[in-house]
Amino acid sequence: MTGSPLSRMRNVGISAHIDSGKTTLTERILFYTGRIHRMQEVGGEGATMDYMDLERERGITITSAATTVQWNDHQLNVIDTPGHVDFTVEVERSLRVLDGAVLVLCGVAGVQSQSITVDRQMKRYRVPRIAFINKLDRAGADPVIVINALEAKLGLTTVQLQLPIGLGQDFDGIVDLITMKALYFDGAGGERIRIEDIPDDLRAEAESARTGMLDALSLYDDELLAIMLEEKPVRESLIHDIIRRGTIANEITPVVMGSAYKNKGVQLLMDAIIRYLPSPLDREVFGLDLANEEAETPLEASPDAPLTALAFKLVDESFGQLTFMRIYQGKMVRGERYTNTRVRKRHRFGRILRMHADEREEVSVAGPGDIVAVVGLDCVSGDTYCGDGAVYAMESMHVMDPVISIAISPSRTTDRDKFSRALNRFTKEDPTLRVSSDPETGETILAGMGELHLEVYCERIRREYKAEVVVGRPKVGYRESPTRVVAYNHKHKKQTGGSGQYAHVVGSLSPMPRDSEEQYEFESNVVGGRVPSEFIPSVDKGYQSMLGKGPLGGFPIVGVKMTLDDGSSHPVDSSDMAFQICARDAFRDAFLRSSPVLLEPIMAVEVETPTEFQGPMIGDLSARRGIVKSTEARGPLTVVTAEVPLAEMFGYATDARSMSQGKATFSMEFCQFKKVPASIQTEIIEAVKKAKAGK
């Protein structure tokens, strides 16, 4: 076991928009907890948690990294996650297994596009969070604007716990509104905290902010409300208790602040993590009991319960697969055998590791709440492992479909084996990376979440497998979808001697709402055995077999509901295959008559540019068929948010730099699919036909 009681354990993720300071913050946490003895910077030698060469060179986090530290007699299992939207699956699977999170926000830029995505992921898994407003040492920093954006854009109920002492170059320390003391951070690394009285010029503002904090908290506690009505002093322990309860219940979001780069406020954030975020005992987690009709069963964070652990991340290394696991209940013991409940096979856990970025520490036993890695398992992400007495399956994580693809091939025939091994490994590790083969051209198609996503994996193939690759132009992941309801009545009849084939289906094809999470639906209204019940799944299977490649341009079909109302069968000639063939033909005919359209991925784009370049930047986005949603002044900068088709965004990084003398930055993430304009749809379909003819 870990040596720490479960009540003193915190599983925490550090998440934010790119360049908000997550990795720098994590580096300070490692330093103050004694895990490292010298802080390194993202832009210098590379931070400890960015251990891949590509991460150090590019100055970004590509893969999430885990570590374990001790702070004030508490164990913190910390995961530093990427901020770039192309690697959002790393955030998704980390939040799936964590008990709490820190949402890091830039004190100047505030709530940005990826902040919204991360917030959506936290809400999906009901993960309580603390907001940390970082970079208050930068010119233009304003925590009030950031807090207002948290409430307006993310819909959070914030409770401000601190005030900054100065901003920008004058940022000097923090006022704690609970203790009503000023805290300063001395020493080369800000490791010595000096506590003094609040400066006179901040006293009135601090009193007002404290009253606002207590007013907000009194909505969640009758005792505090009574104390305030009687104008009695409020004890600190009561304030901490109310904040903790409200945070764990996802009713409030405590807001703390500082500057990780300037070594100010990080220790107070760690204190807040311990005080307000949940331990494994505080989170209610359910598993599907496979032995009891998949009934939802609460799991008990106890070492005495049967082991239940979720595999949430895979890393393939030279000595075997490294499987990262979160233990929800029971003990994991080295050398014991546990059951993979998906395939019902038992595997021996030969080596159990506690990870610190790319360093590892072997342990013999791990218990509830621990995040560990097991060496040599043959499993996939999302598998659940159980000990004797439990057959549970944990809820899997949400995985987005890719929106961009490239043709990729090894440049030398001698590299084919290495190329194949690389693709097998990376697609197993990253569920948002997909590999397929074009049946007409024979090309290998690599699909992912963005240009950077695919570029990084192509570079990893070159570096880690010494296999040079040839990369084709990026292609947009269009979709095909019907626009109107059509009826079908199709009969498949074939007689070639011996037993024949007969199937008959009657029904309708209809479009589904654009915002529907499900992209295909089948409904059977057959009564009286007109289509025998054993053949209804065959009809569904036939319909689904047509979804992979639509008739317009060979793109996947989405947003379609197939209804089977009637049909007929033959006692001898009807079969599973006959109904599948009949369903495929009926689908093809009905889809072509449904006035199908192409849908294109629309990206939510956020551009941060000096105000003097605002006009050209907006004009360029409009020329790319973009719709500008808002413009917001942030000091000398203007932030433009827009929705732009992905097809128009290739090469935008170069254009944005040239239009702004290299001063503009931008980020984008997938937003939704929208109908392609008719004239452009015609161009796309003609281009597909020419490409096929040229092959």
Rounded distance (nearest 0.5 Å) linking atom CE of Met257 with atom CZ of Phe171: 8.5 Å

Worked check of side chain to side chain donor-acceptor pair (under 3.5 Å) between Asp215 and Ser218: CA-CA 5 Å; Asp215 283 342; Ser218 67; 4.8 Å; no

Gln70 and Thr33 side chains, donor-acceptor separation under 3.5 Å: no

Minimum-distance pair of heavy atoms, taken over all atoms of Met325 and Ala309: SD-CB, 4.1 Å

Exercise: identify the closest heavy-atom pair between Leu177 and Gln162: CD1-N, 3.9 Å

Side chain proximity check, Leu225 to Tyr220, heavy atoms < 4.5 angstrom: no

Side-chain heavy-atom pair Tyr392, Leu299 within 4.5 angstrom cut-off: yes

Only pairs under 3.5 Å count here: list side-chain donor-acceptor contacts from residues 264-276, not counting sequence neighbours, and write none if there are none.
| unit_1 | atom_1 | unit_2 | atom_2 | d |
| --- | --- | --- | --- | --- |
| Gln267 | NE2 | Gly190 | O | 2.8 |
| Asp271 | OD1 | Trp71 | NE1 | 2.9 |
| Asp271 | OD1 | Asn72 | ND2 | 3.2 |
| Tyr276 | OH | His240 | ND1 | 2.8 |

Salt-bridge criterion met for Asp73 and Arg8 (N-O under 4.0 Å): yes

Side chain proximity check, Glu606 to Val639, heavy atoms < 4.5 angstrom: yes

Cationic N near anionic O, under 4.0 Å, Asp99 to Arg326: yes

Arg235/Glu223 salt bridge by N-O under 4.0 Å criterion: yes

Short N-O contact, Arg194 and Glu196, less than 4.0 angstrom: yes

Residues Asp176 and Lys181 bridged, charged N to O under 4.0 Å: no

Side chain Glu27, main chain Leu25, donor-acceptor under 3.5 Å: no

Carboxylate-amine/guanidinium contact Arg129 Asp119, below 4.0 Å: yes

Considering all heavy atoms, the nearest Gly21-Lys135 contact: N-CE, 4.2 Å

Ile165 vs Val175 side-chain heavy atoms within contact, under 4.5 Å: yes

Exercise: identify the closest heavy-atom pair between Cys106 and Val146: O-CG2, 3.8 Å

Ion pair check, Arg354 and Asp370, cut-off under 4.0 Å: yes

Salt bridge present between Glu632 and Lys153 (N-O < 4.0 angstrom): yes

Test item: Asn134 side-chain N/O and Ser20 main-chain N/O as donor-acceptor pair under 3.5 Å: yes

Note, Phe132 side chain near Leu105 side chain (heavy atom, < 4.5 Å): no

Non-hydrogen atoms of Ser7 and Leu281 that approach each other most closely: N-CD1, 3.8 Å

Side-chain donor/acceptor of Ser279 to backbone N/O of Met9, under 3.5 Å: no

Min side-chain heavy-atom separation Leu277-Ile130 under 4.5 Å: yes

